[in-house]
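In what follows, a single structure is set out as structure tokens and then discussed.
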2 protein chains.
Amino acid sequence: MEIQNAAGTLSALAHAGRLEIFRLLVQAGPQGMAAGDVARATGILANTLSTNLNILAAAGLVTSRREGRSIIYSAGYDAMRELLTFLMEDCCAGRAEICPPLAAISRDGGEGRAC
Amino acid sequence: MEIQNAAGTLSALAHAGRLEIFRLLVQAGPQGMAAGDVARATGILANTLSTNLNILAAAGLVTSRREGRSIIYSAGYDAMRELLTFLMEDCCAGRAEICPPLAAISRDGGEGRAC
DNA sequence: ATGACGATTCTATAATTCGGGAAATATAGA
DNA sequence: TCTATATTTCCCGAATTATAGAATCGTCAT
């Protein structure tokens, strides 16, 4: 992954509204959620939501499919995995044993029970 | 971690220059690097670098200590771990078997078990 | 004390991003 | 077709962020 690409992906997530949307979709899982449901769940205005969903989609962080009148959005796990990998690449000069982030995540999944 | 906090941390990383700086420090490991060495390694202007190091420091992504005339910066692994944990919280609706992001990270991290 | 060096802060300008009103587009049902 | 619903696109003022020149601060050596 290129650094510009990674910065763009991070930029897409670096916004409280978009981060809320993204996490909602991550939690919704692969089946996704209709844009309108996201709007209702978050209280975000329809046009603002649409703009932000597009920004997330451009970064590959969400994907969409139409279902009747609704457009269903779901989290783009591949882009997420690439981003996390990029951030931790060559971490701690390749010595994983001194790498607190990876150790903590691997050990207990974090305080929120990530998995 | 609060969502505003996480968005702020992501925002600090969502900039090609700062991301380059951060990764350089991640790779340098806990011993860190002097600001001047970072400037030389990246070609970033001293004042711009200083501003961006301050932004990263405000997010907890780097820490600093003075050593003679130099100021040594190192990656803030705790903030990084918290951010990664937050991003993956409740990932994939609790179904680890469909959680590529964490599996990939755990694999690269060596002995950590997948999810 | 003076000069050199490493780094930061101040300041101004340029560029980007945000939010939401209004209008447009797409689909489904009557 | 007409109408209602779902979503997107266009636009623009306001707010934020980025960059770099100049000045300043802190430390070390002479």
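The sequence lines fix the lettering, A, B, ..., with proteins before strands; numbering per chain opens at 1.
Of the two residues contacting DNA chain C, namely A:Asn52 and B:Asp37, the nearest-nucleotide position lying further toward the 5' end is that of B:Asp37. Each of A:Gly68 and B:Ser50 was matched to the nucleotide of DNA chain C holding its nearest heavy atom; the match closer to the 5' end belongs to B:Ser50.
A salt bridge does not link B:Arg18 to B:Glu20: none of the charged nitrogens lies less than 4.0 Å from a carboxylate oxygen.
Separating the CG atom of A:Leu49 from the P atom of D:dT8 is a distance of 7 Å, rounded to the nearest angstrom. Between B:Ile71 atom CD1 and C:dT8 atom P the separation is 4 Å, expressed in whole Å. Rounding to whole angstrom units, CG of residue A:Leu45 and C1' of D:dT8 are separated by 13 Å. Straight-line distance from the CD1 atom of B:Ile44 to the C1' atom of D:dA18: 12 Å, rounded to whole Å. Taking atom CG of A:Asn54 as the reference point, atom P of C:dC18 lies 14 Å away to the nearest angstrom. Atom C1' of nucleotide D:dA18 and atom CD1 of B:Ile21 are separated by 13 Å, given to the nearest angstrom. In this structure, the CD1 atom of A:Ile72 is 11 Å from the P atom of D:dT8, given to the nearest Å. Atom-to-atom, CG of A:Leu53 to C1' of D:dT9 comes out at 14 Å; the value is rounded to the nearest Å.
When distances run from any side-chain atom of B:Arg69 to the nucleotides C:dC18, D:dT8, C:dC5, the shortest one goes to C:dC5. Which of D:dA18, C:dC18, C:dT9 sits closest to the side chain of B:Arg18 comes down to D:dA18.
Looking at heavy-atom distances under 4.0 Å, A:Ala46 makes contact with a base. Heavy atoms of B:Arg40 sit nowhere under 4.0 angstrom from any nucleic acid atom. In this structure, A:Ala39 reaches neither bases nor backbone, as no heavy-atom distance under 4.0 Å exists between it and the strands shown.
Counting heavy atoms from C-beta on, the side chains of A:Thr9 and A:Met80 never come closer than 4.5 Å. Between A:Leu13 and A:Leu83, the closest side-chain pair of non-hydrogen atoms falls below 4.5 Å.
For C:dA7, the OP1/OP2 oxygens have a side-chain nitrogen or oxygen of B:Ser70 closer than 4.0 Å. Contact annotation: A:Arg66 does not reach the phosphate of D:dA6 (side-chain N/O to OP1 or OP2, under 4.0 Å). Regarding contacts with the backbone of C:dT16, every side-chain N or O of B:His15 stays at 4.0 angstrom or more from both OP1 and OP2. Phosphate contact (OP1/OP2 of C:dG6, side-chain N/O of B:Tyr73, threshold under 4.0 Å): absent. Proximity of A:Thr48 to the phosphate of C:dG19: no side-chain N or O atom is located under 4.0 Å from OP1 or OP2.
Under the 6.0 Å distance and 45° angle rule, B:Arg23 counts as a cation-pi partner of A:Phe86.
Summarising the geometry, atom CG belonging to B:Leu61 is positioned 11.0 Å from atom CG belonging to B:Asp78; distances are rounded to the nearest 0.5 Å. To the nearest 0.5 angstrom, A:Asn54 atom CG is 5.5 Å from A:Tyr73 atom OH.
Within 3.5 Å, a donor on the side chain of A:Asn47 pairs with an acceptor on the base of C:dG21, or the reverse.
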